[in-house]
Amino acid sequence: MIIDTHVHIGDDKRFVLTEEMVMESMIKYSIDYSVVSNIEGVEFDGDLKEIPGRLQVTQKDVFERTLRFAKKHSKYIGVMPWIKPHTETVDEDFLRLMEENQSLIHGIKLHSFHSKTAMDADCVKPYIELARKYDIPMTCHTGGCEEADPIHVYNAAKANPDVRFVMVHMGLGTDNQKAINLMEDAENLYADTTWVPMETTIKVMERYGSKRIVFGSDSPVDGVDTYYCNPKGEPSLYQDYFNKLEDIIGKVAYEDLMYRNAIKIFNISNKCE
């Protein structure tokens with residue numbers, strides 16, 4: 001079994017990621033379940049310039065589109081609402097959607113780069129309270145700007161020891177060592193494998209055991225074949241995960257990474273056990 005905890009739909013002008021692409025990729029590469037967020041929730045562009053309000057998609061619309069996708073494919077798709085803490089907050093619509101769709105929701109997603117907002121910022125606290133209430137994790141992009149430094153996810157994890165936090169990318173564009181070190185002192189702080197070399201995942205497991213990291217990919221940002229190659233045909237690092245890693249770490253640790261940890265951390269046992 002494979003659970004991908006980091007999958008996207010949406011059109012943010014840079015990427016056009018359709019529901020059909022997600023489903024085709026899952027079938028082609030034998031992904032059993034995907035936790036999906038909608039990239040249309042971006043508040044800042046790739047140059048960290050705030051997107052004009054008239055061009056932004058509301059948090060409600062972002063959430064509802066993801067829910068519609070999951071409802072069509074509830075056996076295979078779960079939801080992680082992409083939040084917009086810079087321009088919006090936990091309002092009545094967000095509360096209602098959370099309450100009415102608990103069985104579909106398996107996390108809350110902060111993109112600290114595209115919201116230019118750190119996980120330990122005051123405006124994120126209402127979302128953390130919801131993660132606590134519904135026993136789901138807060139996941140956070142790390143890397144690319146100060147607000148996305150892993151230290152902010154660590155700070156939030158230390159301040160909320162009863163809530164699970166996932167550092168997506170473990171510091172994208174770095175050697176990941178800072179993120180690895182921060183896990184030492186926060187047992188509720190987890191890592192994911194999105195664009196993380198296999199060697200880094202092995203380091204995490206050697207230091208903390210096999211229970212502190214989950215499989216994620218960013219699929220289908222490189223197209224339907226994200227798990228295999230990029231649009232230039234260059235091999236994807238995920239091929240190491242699929243074809244080499246189990247022989248190195250063993251069957252039990254590999255199954256922890258590829259699905260068992262996700263079931264526990266993302267509270268999706270009702271779908272995959």
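- The 12-atom threshold is exceeded at CD of Gln239, counting heavy atoms of other residues, nucleotides or ligands nearer than 6.0 Å.
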_Evaluation steps, side-chain hydrogen bond (donor to acceptor under 3.5 Å, both in side chains), between Tyr154 and Asp120_ = CA-CA 8 Å; Tyr154 168 84; Asp120 56 359; over 6 Å; no
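- Remark: Lys211 engages Asp256, Asn261 in a side-chain contact (heavy atoms from CB on, under 4.5 Å) (not counting sequence neighbours).
- Taking each heavy atom of Met119 and Thr139 in turn, the nearest pair found is CE-O, 3.9 Å.
- Judged by distance alone, with hydrogens and angles left aside, the side-chain atoms of Asp218 form no donor-acceptor pair with the main-chain N or O of Thr194 at under 3.5 Å.
- The ring pair (Phe, Tyr, Trp, His ring centres under 6.0 Å) search around His152 returns none, not counting sequence neighbours.
- Atom CG of Asp225 sits about 9.0 Å away from atom OG of Ser219, to the nearest 0.5 Å.
- When all heavy atoms of Val204 and Ile180 are compared, the closest pair comes out as CG2-CG1, 3.9 Å.
- When the side chains of ILVMFWY residues are joined at heavy-atom separations under 4.5 Å, either directly or via intervening members, Ile213 and Met183 end up in a single hydrophobic cluster.
- For Tyr127, the ring pair (Phe, Tyr, Trp, His ring centres under 6.0 Å) partners at least two apart in sequence or on another chain are Phe94.
- Nearest heavy atoms, Arg164 versus Ile265: NE-O, 2.8 Å.
- In terms of modelled atom types and a separation under 3.5 Å, the side chain of Glu88 and the main chain of Pro85 share no donor-acceptor contact.
- Residues satisfying the side-chain contact (heavy atoms from CB on, under 4.5 Å) criterion with Ala121, sequence neighbours excluded, are Thr117, Cys123, Val124.
- Tyr238 and Tyr241 have tilted rings, their planes meeting at an angle from 30° to 60° on a 0 to 90° scale.
- At a threshold of 4.0 Å, the pair Glu255-Lys251 counts as salt-bridged, since one of the basic side-chain nitrogens sits closer than that to a carboxylate oxygen.
- In the hydrophobic clustering of ILVMFWY residues, with side-chain heavy atoms under 4.5 Å counting as a link, Leu237 and Met258 come out together.
- Sorted by first then second residue, the salt bridge (charged side-chain N to carboxylate O under 4.0 Å, His left out) pairs that include residues 39-52, not counting sequence neighbours, are Glu40-Arg65.
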*Carefully, step by step, assess Val166 and Thr5 under the rule side chain to side chain contact (heavy atoms under 4.5 Å, CB included).*
CA-CA 10 Å; Val166 180; Thr5 64; over 6 Å; no
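- Counting heavy atoms of neighbouring residues, nucleotides and ligands inside a 6.0 Å radius, atom NZ of Lys72 exceeds 12 of them.
- Among Thr18, Asn38, Val36, Val79, the one residue that satisfies the side chain to side chain contact (heavy atoms under 4.5 Å, CB included) test with Phe69 is Val36.
- A salt bridge is defined here as a Lys NZ or Arg NE, NH1 or NH2 lying under 4.0 Å from an Asp or Glu carboxylate O, and Glu129 with Arg132 meets this definition.
- Under the ring pair (Phe, Tyr, Trp, His ring centres under 6.0 Å) criterion, His6 pairs with His8, His169, not counting sequence neighbours.
- The side-chain hydrogen bond (donor to acceptor under 3.5 Å, both in side chains) with Tyr33 is formed by just one residue from the set His106, His73, Lys75; it is His106.
- Side-chain N or O atoms of Thr226 include one that pairs as donor or acceptor with a backbone N or O of Gly223 at under 3.5 Å.
- Not a single side-chain hydrogen bond (donor to acceptor under 3.5 Å, both in side chains) links Tyr254 to another residue, sequence neighbours left out.
- In this structure Tyr208 satisfies the side-chain hydrogen bond (donor to acceptor under 3.5 Å, both in side chains) test with no other residue, sequence neighbours excluded.
- Taking the side chain as every heavy atom from C-beta outward, Trp195 and Val221 approach each other to under 4.5 Å.
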*Does the salt bridge (Lys or Arg N to Asp or Glu O under 4.0 Å) test come out yes or no for Lys60 and Glu64, once each step is laid out?*
CA-CA 6 Å; Lys60 176 176 177 285; Glu64 287 182 332; 3.2 Å; yes
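- Around NZ of Lys178, the count of heavy atoms belonging to other residues, nucleotides or ligands within 6.0 Å exceeds 12.
- Checked by atom type, the side-chain pair Ser217/Asp4 shows a donor-acceptor distance below 3.5 Å.
- Take Lys133 and apply the side-chain hydrogen bond (donor to acceptor under 3.5 Å, both in side chains) test, not counting sequence neighbours, and it matches no residue.
- In this structure a side-chain-to-backbone donor-acceptor pair under 3.5 Å is present from Thr193 to Gly216.
- No donor-acceptor contact under 3.5 angstrom links the side chains of Asn267 and Tyr134, judged on distance only.
- Lys158 pairs in a side chain to side chain contact (heavy atoms under 4.5 Å, CB included) with only one of the listed residues (Asp185, Leu189, Asn188), which is Asp185.
- Applying the side-chain hydrogen bond (donor to acceptor under 3.5 Å, both in side chains) test to Glu234 and every residue at least two apart in sequence or in another chain returns Asn230.
- Considering only residues two or more places apart in sequence or on other chains, Asp91 meets the salt bridge (Lys or Arg N to Asp or Glu O under 4.0 Å) condition with none of them.
- Across all non-hydrogen atoms, the minimal contact from His86 to Ser115 is CB-O, 3.7 Å.
- Glu92 has no carboxylate O lying under 4.0 Å from a charged side-chain N of Arg96, or vice versa, which leaves the two without a salt bridge.
- Across all non-hydrogen atoms, the minimal contact from Asp175 to Thr200 is O-OG1, 4.3 Å.
- In this structure, the side chain of His111 engages the main chain of His114 through a donor-acceptor pair within 3.5 Å.
- The backbone N or O of His141 lies less than 3.5 Å from a partner atom in the side chain of Ser112, making a donor-acceptor pair.
- Of the possible polar contacts, none joining the Arg207 side chain to the Glu184 backbone as a donor-acceptor pair under 3.5 Å is found.
- Between Met205 and Ile249 the shortest heavy-atom distance is SD-CD1, 3.6 Å.
- Every residue meeting the ring pair (Phe, Tyr, Trp, His ring centres under 6.0 Å) condition with Phe242, not counting sequence neighbours, appears here in chain and number order: Phe215, Tyr227.
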_Asn160 and Lys125: CA distance, side-chain angles, deciding distance, side-chain hydrogen bond (donor to acceptor under 3.5 Å, both in side chains) verdict_ = CA-CA 10 Å; Asn160 300 275; Lys125 290 179 179 178; over 6 Å; no
